[in-house]
Number of protein chains: 2
Amino acid sequence: MVTIASWNINSVRLRMPLVERLLREEAPDVLCLQEIKTVAELFPAAELAALGYEHQVVHGQKGYHGVATVSRIPLREVSRHDWQDNGEARHVGVELLGPQGQGMVVENVYVPAGGDIPDRTQNVKFGQKLDFLERMTRWADTVDRPTLIVGDFNIAPLESDVWSHKQLLKVVSHTPVEVEALARFQDAHGWADLGRQHIAAPQRYYSWWSYRSANWQTNDRGRRLDHMWASPELAAQATAHRVLEPARAWDRPSDHVPLVTEFTL
Amino acid sequence: MVTIASWNINSVRLRMPLVERLLREEAPDVLCLQEIKTVAELFPAAELAALGYEHQVVHGQKGYHGVATVSRIPLREVSRHDWQDNGEARHVGVELLGPQGQGMVVENVYVPAGGDIPDRTQNVKFGQKLDFLERMTRWADTVDRPTLIVGDFNIAPLESDVWSHKQLLKVVSHTPVEVEALARFQDAHGWADLGRQHIAAPQRYYSWWSYRSANWQTNDRGRRLDHMWASPELAAQATAHRVLEPARAWDRPSDHVPLVTEFTL
DNA sequence: GTCTATATAG
DNA sequence: CTATATAGAC
């Protein structure tokens, strides 16, 4: 069995106590982090190694974005895509090497948030987000081996992925143009949405609650921005999937919670 | 008996836990704070009142400087001198009104640091510091009732007020021109230096250790920048004086430690 | 080194 | 609201 987790940590240095808690409580074999907000030199490599996650690939940048995949299973970096072509660190791909993971490819991605206005002409960031998705779709066309892609997609595609479909139709992350772009990406490889494979729509499923909303626990204005998607042949081996909602209430939390999937490989 | 404390707190909002600890451990009747670094609206008035310090005068400003005097004894504000004439909040004077303090005047002052270069022509801040002291001296000429002046004077006048007289002769805070300006201020009213009245030179007496010096506890490169000076008739009633050095090692400390003096009034 | 303010991002 | 980076102050 192999367990893989994904978490937008919103500064890994600030939240190492939370990362440690996740690793102790869930003990995933692989953890994919997004928004590490640090360069590789300042990544808490030693602490993670001490916790058993000695295999690490870090694609960081100063202050913003940045992704890292750490593992108890040996792995090697196989790609670093820059789907925006602007130097931002938003993806790293690895291949698991151990007797367990055996050749499985894990793509760790942090899709751009896309700014506030859902219009290419008024908001360049929105255009960049769509461009990112389009280039990622072209890449997906070429994927020819069992692959898992996880991370913060910054899009909640389904109605039950948001607290109010109607009120979020014009809010970046849930607009039809984004949902359609994500659907094209999904179709390009036939990705299986593992989250919804285990927690089927229209069940409530959120992975992110804004810091700005005060009583987030009561109001529950969440969105499912984080995903774990698998090649069809891999999806059949995903035996369990958890959304660690309690992590949103941990001390000084990330605004995202971890997702965990178990595979029988 | 009346106990009066003075402390450059270097942001009162950030260090309220330390202020609370001081108030619980020393229980002074009056606490004079410097460098509160906040406007009066954001001063932690309610917390201090809850600790028994319900009488408060706050002369704050946004981000920089700012002084406040809080007390268990009733008091009234009697002055707010702007000895630099630039709008900075560096002084507030109060009169104690209770049956204990009875008419004692407490002047709370934060003398400008003065920049790095001890030369008026090269460094305007150094000139402003000297101007401040000169105007404060003209004011001292007029003091005609028992007065205590406390605060961060930003000058260490004696050789034993610094870790190395020789190495600090050209360092702002211990230059002869500053020491002479402070001596003129002292002579203008005949202020008694209560610190040195109780811990006589050449004994070591420091109230400040720079954040920048790494092993400040071992190297002990301190300076006596904080003072409590009294009118001659009041000085005779100062029965005890303490320098709370341990406070420099408290969690997330100020770079200054509190001074406490007890009076039999 | 440790603060505050500001700008930018999410 | 919660982050990071930077500048200025001490």
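In what follows, chains carry the letters A, B, and so on, assigned in the order in which the sequence lines appear, proteins first and then strands, with residues in each chain numbered from 1. Computed from a predicted model, the values in this text were never measured in an experiment.
Relative to the ring axis of A:F126, A:R120 does not place its NZ or CZ within 45° and under 6.0 Å from the centre. A cation-pi contact, defined as under 6.0 Å to the ring centre and within 45° of the axis, links A:R224 to A:Y205.
The side chain of A:K37 approaches D:dA3 more closely than any other nucleotide in the set C:dA5, D:dA3, D:dA5.
Under 4.0 angstrom from either OP1 or OP2 of D:dC10 there lies no side-chain N or O belonging to B:K129. Between A:R252 and D:dA3, a side-chain N or O to OP1/OP2 separation shorter than 4.0 Å is present. For the pair B:S11 and C:dT4, the criterion of a side-chain N or O lying under 4.0 Å from OP1 or OP2 is met.
A donor atom on one side chain and an acceptor atom on the other are found under 3.5 Å apart for B:R196 and B:S160.
Tested against A:W209 for a side-chain hydrogen bond (donor to acceptor under 3.5 Å, both in side chains), the candidates A:N219, A:D255, A:D220 yield a single pass: A:D220.
Rounded to an integer number of Å, the gap from A:Y64 OH to D:dA5 C1' is 6 Å. Nucleotide D:dC10 holds its C1' atom 8 Å from the CG atom of B:N154, rounded to whole Å. Atom CD1 of A:I9 and atom P of C:dG10 are 18 Å apart (whole Å). Between the CG atom of B:L14 and the P atom of C:dA5 there is a distance of 11 Å, given to the nearest Å.
Between B:F132 and B:W83, the ring-plane angle classifies as perpendicular under the 30° and 60° cut-offs.
Note on B:H65: only backbone sugar-phosphate atoms sit closer than 4.0 angstrom, heavy atoms only; bases stay farther off.
The stretch residues 207-222 of chain A touches DNA chain D through A:Y211, A:R212, each having a heavy atom under 4.0 angstrom from the strand.
Under a cut-off of 6.0 angstrom, the local environment of CG in B:D116 is sparse, with at most 12 non-hydrogen atoms contributed by other residues, nucleotides or ligands.
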